[in-house]
Every structure is written in structure tokens, then in C-alpha cells.
Amino acid sequence: MALVAPIGLTHFLLLGTALFCLGLYSVFIKRNAIALLMGIELMLNAVNVNLIAFNKFIAPASYTGQVFSIFVIVVAAAEVAVGLALVISIYRDRATTSVDDLDWLKW
């Protein structure tokens with residue numbers, strides 16, 4: 001008798017949900033721009049977990065989930081590169097990374 005239950009789709013979906021909620025919480029709570037980028041990355045990784053889990057349990061013969069996951073990783077890397085460049089530029093100009101202090105475009 002096996003004491004350990006096999007890992008099913010529900011387990012992966014719960015992991016993805018937990019990661020996404022942690023990322024969303026970080027985006028809503030943190031005021032630091034770098035922490036916001038980290039929260040967004042956490043949400044994108046939750047999407048990757050779900051994509052690969054759905055591919056494994058629904059269409060295991062294809063690689064659709066993996067391909068979409070790689071695409072998401074590439075987009076996330078580009079987003080972080082641009083975001084960090086903006087944060088560094090803003091930090092050099094204003095000496096802060098707090099999003100509350102970024103009020104140039106307000107009326």
C-alpha cells in the first residue's frame with residue numbers, strides 16, 4: 001500500500017494559484033519598483049507552472065505547454081531588462097525606487 005498519493009493536476013494548480021497570489025500580494029503591497037518587478041515575475045512563473053501542468057495531464061504527447069512556457073520566460077526576461085534599466089535610470093535621477101515618488105506625469 002502506497003502511503004504517498006500521486007501528484008495530480010490539482011496539486012500543480014494549487015501551487016500555481018499560491019505563487020500567483022503571492023506575486024499579486026507583492027504587487028499590491030510593495031512600494032519599491034524592484035519588488036514590484038519581482039512580484040510580476042512570480043506571477044509569470046505561476047503561469048508557467050500551470051501551462052506545463054496542463055500540457056502534462058491533457059496532451060502529454062505534445063510540447064505546447066513547454067513552448068508557451070519558454071515564450072513566457074523570454075517575455076519576462078525582456079520585461080525585467082527594460083524594467084531594471086528604467087529603475088536604474090530613475091534611481092540615478094531621483095535617488096529613490098519608491099513608486100510613490102514617481103509623480104512626474106501627474107497634473
Side-chain angles (χ1 to χ4, degrees):
M1 182 174 144
L3 295 177
V4 179
I7 296 176
L9 180 61
T10 307
H11 297 95
F12 288 107
L13 294 180
L14 288 174
L15 175 66
T17 303
L19 285 174
F20 191 85
C21 289
L22 284 173
L24 193 64
Y25 177 77
S26 174
V27 167
F28 284 145
I29 297 301
K30 298 293 183 179
R31 298 290 103 205
N32 188 339
I34 295 174
L36 291 177
L37 287 174
M38 289 171 44
I40 292 170
E41 291 297 317
L42 202 55
M43 289 191 288
L44 290 173
N45 282 328
V47 169
N48 286 337
V49 167
N50 286 339
L51 283 172
I52 292 175
F54 278 122
N55 185 55
K56 179 183 183 326
F57 287 99
I58 292 177
S62 69
Y63 296 103
T64 308
Q66 285 89 347
V67 170
F68 275 116
S69 179
I70 289 172
F71 181 73
V72 169
I73 290 170
V74 168
V75 169
E79 172 246 332
V80 165
V82 171
L84 284 178
L86 288 173
V87 169
I88 289 171
S89 175
I90 290 169
Y91 182 77
R92 285 182 180 168
D93 187 40
R94 294 203 162 195
T96 183
T97 58
S98 176
V99 292
D100 291 331
D101 296 335
L102 304 178
D103 56 355
W104 303 313
L105 299 178
K106 288 184 180 177
W107 291 80

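Side-chain atoms are counted along with the backbone in the values below, which use heavy atoms only and exclude waters and symmetry mates.
Here the closest heavy-atom approach between residue S26 and residue A35 is recorded as OG-O, 3.4 Å. Residues V87 and A33 share a closest heavy-atom pair of CG2-CB, 3.7 Å. Of all the heavy atoms in L19 and A46, the pair that sits closest is CB-CB, 3.7 Å.
Taking 4.5 Å as the limit, every side-chain heavy atom of I90 sits out of range of all side-chain heavy atoms of T97. F12 has its side chain out of reach of F54: every pair of non-hydrogen atoms, C-beta onward, lies at least 4.5 Å apart. A heavy-atom distance below 4.5 Å is not found between the side chains of V99 and N32.
The CG atom of D100 lies 5.0 Å from the CZ atom of R31; values are rounded to the nearest 0.5 Å. Rounded to the nearest 0.5 Å, atoms CZ (F28) and CG (L36) are 10.5 Å apart. Remark: T64 OG1 to I52 CD1 distance equals 12.0 Å, nearest 0.5 Å. To the nearest 0.5 Å, atoms CG (D103) and CG (D101) are separated by 7.0 Å.
Screening residues 9-21 for side chain to side chain donor-acceptor pair (under 3.5 Å), with sequence neighbours left out, gives no hits. For residues 45-60, the set of pairs meeting the side chain to side chain donor-acceptor pair (under 3.5 Å) definition, not counting sequence neighbours, comprises N48-S69, N55-S62, N55-Q66. Pairs of residues two or more places apart, or lying in two chains, never qualify as side chain to side chain donor-acceptor pair (under 3.5 Å) while including a residue from residues 76-93.
Residues V47 and L15 are members of separate hydrophobic clusters, defined by side-chain heavy-atom contacts under 4.5 angstrom among Ile, Leu, Val, Met, Phe, Trp and Tyr. Tracing side-chain contacts under 4.5 Å through hydrophobic residues (I, L, V, M, F, W, Y), one reaches L51 starting from L44; they form part of the same cluster. Cluster membership for I58 and I7, using ILVMFWY side-chain heavy atoms within less than 4.5 angstrom, is shared. L102 and I88 are assigned to two separate hydrophobic clusters, defined by single-linkage of ILVMFWY side chains at heavy-atom distances under 4.5 Å. Under the 4.5 Å side-chain heavy-atom criterion for grouping Ile, Leu, Val, Met, Phe, Trp and Tyr, V72 is connected to L24 within one hydrophobic cluster.
For CZ of F57, the number of neighbouring non-hydrogen atoms (other residues, nucleotides, ligands) closer than 6.0 Å is greater than 12. M43 CE: more than 12 foreign heavy atoms inside a 6.0 Å radius.
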